[in-house]
2 protein chains.
Amino acid sequence: MKLSGTVLDLNSTDYSSTLDPSYTMLEFDNLRVFPIDTESVIPDPPSLLPQTNGTVCSICADRATGKHYGASSCDGCKGFFRRSVRKNHAYTCRFSRQCVVDKDKRNQCRYCRLRKCFRAGMRKEAVQNERDRISSRRGEGHGLGTLSISVLLQAEAGTHQFAALTSPMSCDINAKKIAGVGDVCDSMKQQLLLLVEWAKRIPEFCSLPVDDRVSLLRAHSAEHLILGVTRRSLPYNEIILLGNDFVIPVSGPEIEISRVAARILEELVKPLRELDITDSEFACIKTIVFFAPDCPGLEAPQTVRRLRFQAQVLLDQATCEQRGRFGELLLILSPLQSVAWQMVESLQLARILGEASVDSLLQEMLLGERVAGTLEQRTGFDQPRRLHKSFDQPILV
Amino acid sequence: MKLSGTVLDLNSTDYSSTLDPSYTMLEFDNLRVFPIDTESVIPDPPSLLPQTNGTVCSICADRATGKHYGASSCDGCKGFFRRSVRKNHAYTCRFSRQCVVDKDKRNQCRYCRLRKCFRAGMRKEAVQNERDRISSRRGEGHGLGTLSISVLLQAEAGTHQFAALTSPMSCDINAKKIAGVGDVCDSMKQQLLLLVEWAKRIPEFCSLPVDDRVSLLRAHSAEHLILGVTRRSLPYNEIILLGNDFVIPVSGPEIEISRVAARILEELVKPLRELDITDSEFACIKTIVFFAPDCPGLEAPQTVRRLRFQAQVLLDQATCEQRGRFGELLLILSPLQSVAWQMVESLQLARILGEASVDSLLQEMLLGERVAGTLEQRTGFDQPRRLHKSFDQPILV
DNA sequence: TGTAGTAGGTCAAAGGTCCT
DNA sequence: GAGGACCTTTGACCTACTAC
């Protein structure tokens, strides 16, 4: 820590641009409490202020001495990361894994500091063995698998963009309308189409036989709906937020719907919020759910199994060696499956009672009923098929 | 952290910025502002101190262990200064603030000792905030984790012994009889009672509130049945082996039953055989399934969640760092849950069709129907309850 | 051949631990 | 609870290797 580093350094840089915005926001919000009006506080000589992102440690906001292990950081965080990785340290947080990591407090919780190192982009592979050098610098594509975090994150981002065009979300949570049964069905339909869009952005999916593509899309679509609504609802306690900007309160007028909403909040939102799940982790989980090798009628189950294997190894990496975290995330899949089934049952009931008019897409994907060619039509999968009989090339954008 | 300040900093006139004005330091402050004795303004020159400079504590003349907080000092004075500053101690001198501070008498007046620390050049700014705990030394008993592999293996072994007494198994697989619906129900009942025996052998289970014990036993009993039959059937390809020595072939006379058997073989036995699952891993998985924190109506869900966490960390350890193995094992839980549900549905159907006479224990544990006191009666959980109203001690052997 | 960038290493002086 | 002998961690500063 150099002398010039003061609290005022915090003013100078837009941290959110250098860090994954999904996790530390809370901490940074806290930090920003003081410095919003910089001009009025002290007119610092420009020379003392870090000019670029590169001069600030993305872990603790101390002055950075360069890029280390993949993240711009100070010597302290650099040394801390190296020691932690070399000695294979397993720290535990004495609090609730939400400790603030800044220049002053960085030594107060090693668990949270190490987590922040990983999240800022430090990679343990970059720490070398004692007394030896890595020969090839640019060896970035580590691993056997073809799936990569970046592909998954891009697929996610692309789909979100796509969704933003379709249905813009309002800002004020209190202004949102409570969903009726019809709104829920609309949202589900919309989200299922987004799932197809998402899948199309994964090259490994596109290389599968067309029948397997359809099978996978149908197999766990309900879980994907629940997963999506869970992610969207992470900030809330009493409501879940649908993709079409409607909300479902836990104590709403539709008993059956609210029951599912309550389970989503209790069994999924709550634990995931406590874990403070990252975007990468979410992307991996979605992929793990998607590539379901037990899906009935699969032509290439071993390929799907291999893809799921890659995805779970990616998730393991994404959890940054935090003791128990990988397991806790995978264990979310059980309640996810359970809640998804309850949702499907509710939908079925609603249809029987005549409360909901179930679209043929919902019928095929969620209720598992064959409606001739629905999925193929909606997704454009059938077109190339007409062209050549044994089509198995990537089709889509 | 670079300590740019030198001993000479004490000469600076702005005492208020370096000294806490609230208590003892204020007096020292005053001493400097109105110097009664001029020596006290500047740190004692090393030459005036007894013996050689670096090896002697400038406060008490004990052997120094280095420079601490700006003054060459012994560990005692170092620790004393840190504690005093951290805790903001305000000492007072019982005499006339002229106490001798040497190795023998340094503990006789804390006021004079602290004053001498400051005068020797120690600066309170050099004392940092509290850090994270190290706990590398004594605390290997990792306080939280009570669950251990050996307890789980013993519970397993004990239950198997118990089972061997009840129903001995024949050796020749070809000699075994094909199970009818009644045999299946008998086997399930027997296995459920064994599940209770197993649970009783886990002290952490016995320490739970009695209602939670009952809830956990009911919650995932179907999965435990499937898990048991999976393990028993690991050597086979075309049949599953029940606990009462009957078998179910995948192509048997009972279509509904065989369908479940086929899924068990395909989705559970096959992948677990490929992984060559060990006893320890199996024991952990069983425990993970058992301690289900989302189980409805739990009094102590956090305790159950902690136990499951311990179990999954144990499983992680049991996989011996083999890349991807832990994830593959946890991902078995999805088909396990799915197959278990299908089994329950089949059972329900069989009961409705009058094919099976479902015992009240099965009814309560598998079908989730409340049959007054069945579980409590069968498992002996009610006896102590009758004895005292608010019973919550471990009951069983 | 130099220089920027980022690995690796060192050790004084912080920290914490735990028995007395 | 405080003292202090003893051990761990931190981080400022340094060297070394590689790519341009």
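Heavy atoms only: backbone and side chains are in, while hydrogens, waters and symmetry mates are out. Quick caveat: nothing in here was measured; it's all calculated off a predicted structure. Numbered from 1 within each chain, the chains take letters A, B, ... in sequence-line order.
- A salt bridge is absent between A:E156 and A:R201: the closest approach of a Lys/Arg side-chain nitrogen to an acidic carboxylate oxygen does not fall below 4.0 angstrom.
- When rounded to the nearest whole Å, the span between CZ of B:R106 and C1' of D:dA2 equals 13 Å.
- Here the C1' atom of nucleotide C:dG15 and the CD atom of B:Q128 are 7 Å apart, to the nearest Å.
- Within the 4.0 angstrom heavy-atom criterion, no nucleotide atom of any strand lies near B:G79.
- Per the geometry, CG belonging to B:D75 stands 15 Å off P belonging to C:dA12, to the nearest Å.
- A close approach under 4.0 Å does not occur between any side-chain nitrogen or oxygen of B:R123 and OP1 or OP2 of C:dA13.
- Atom CD in A:Q108 sits roughly 17 Å away from atom P in D:dT9 (whole-Å rounding).
- Between B:N129 atom CG and C:dG16 atom P the separation is 10 Å, expressed in whole Å.
- Distances shown here put a side-chain N or O of A:R86 below 4.0 Å from the OP1 or OP2 atom of C:dG8.
- C:dA13 atom C1' lies 20 Å from atom NZ of B:K124, rounded to whole Å.
- Between B:R83 and D:dG3 there is a side-chain polar atom (N or O) within less than 4.0 angstrom of OP1 or OP2.
- The CG atom of A:D62 sits 8 Å away from the P atom of D:dG11 (whole-angstrom rounding).
- Distances shorter than 4.0 Å separate none of the side-chain N or O atoms of B:Y91 from OP1 or OP2 on D:dA2.
- When the side-chain nitrogen and oxygen atoms of A:N107 are compared with OP1 and OP2 of D:dG11, one or more of them lie within a distance under 4.0 Å.
- Side-chain N/O atoms of A:R82 and base N/O atoms of C:dG9 include a donor-acceptor pair closer than 3.5 Å.
- Taking OG from B:S58 and CE from B:M122, the interatomic distance works out to 6.5 Å, rounded to the nearest 0.5 Å.
- When the side-chain nitrogen and oxygen atoms of B:K87 are compared with OP1 and OP2 of D:dA2, one or more of them lie within a distance under 4.0 Å.
- At the phosphate of C:dA12, neither OP1 nor OP2 sits under 4.0 Å from any side-chain N or O atom of B:H68.
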Open item on the list: If you apply the rule side chain to side chain donor-acceptor pair (under 3.5 Å), what do you find for B:E328 with A:Q312, and how did you get there?
Closed with: CA-CA 8 Å; B:E328 290 296 295; A:Q312 64 102 338; 3.0 Å; yes

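- Rounding to whole angstrom units, CD1 of residue B:I134 and P of D:dT10 are separated by 8 Å.
- Here B:K78 does not reach the OP1 or OP2 of C:dG15: none of its side-chain N or O atoms lies under 4.0 Å away.
- The side-chain tip of B:R110 does not point at the ring of B:F80 from less than 6.0 angstrom away and within 45° of straight on.
- The local environment of CZ in B:R86 is crowded, with over 12 non-hydrogen atoms from other residues, nucleotides or ligands closer than 6.0 Å.
- For the OP1/OP2 pair of D:dG4 and a distance below 4.0 Å, the side-chain nitrogens and oxygens of B:R113 include at least one atom meeting the criterion.
- The local environment of CZ in B:R94 is sparse, with at most 12 non-hydrogen atoms from other residues, nucleotides or ligands closer than 6.0 Å.
- Taken residue by residue, residues 98-105 of chain B places no heavy atom nearer than 4.0 Å to DNA chain D.
- Between B:D132 and A:R113 there is no salt bridge, since no side-chain N of the basic residue sits under 4.0 Å from a carboxylate O of the acidic one.
- In this structure, the side chain to side chain donor-acceptor pair (under 3.5 Å) partners of B:R131, at least two apart in sequence or on a different chain, are B:Q128.
- Map B:R131 and B:R110 each onto its nearest nucleotide of DNA chain D; the residue landing nearer the 5' end is B:R110.
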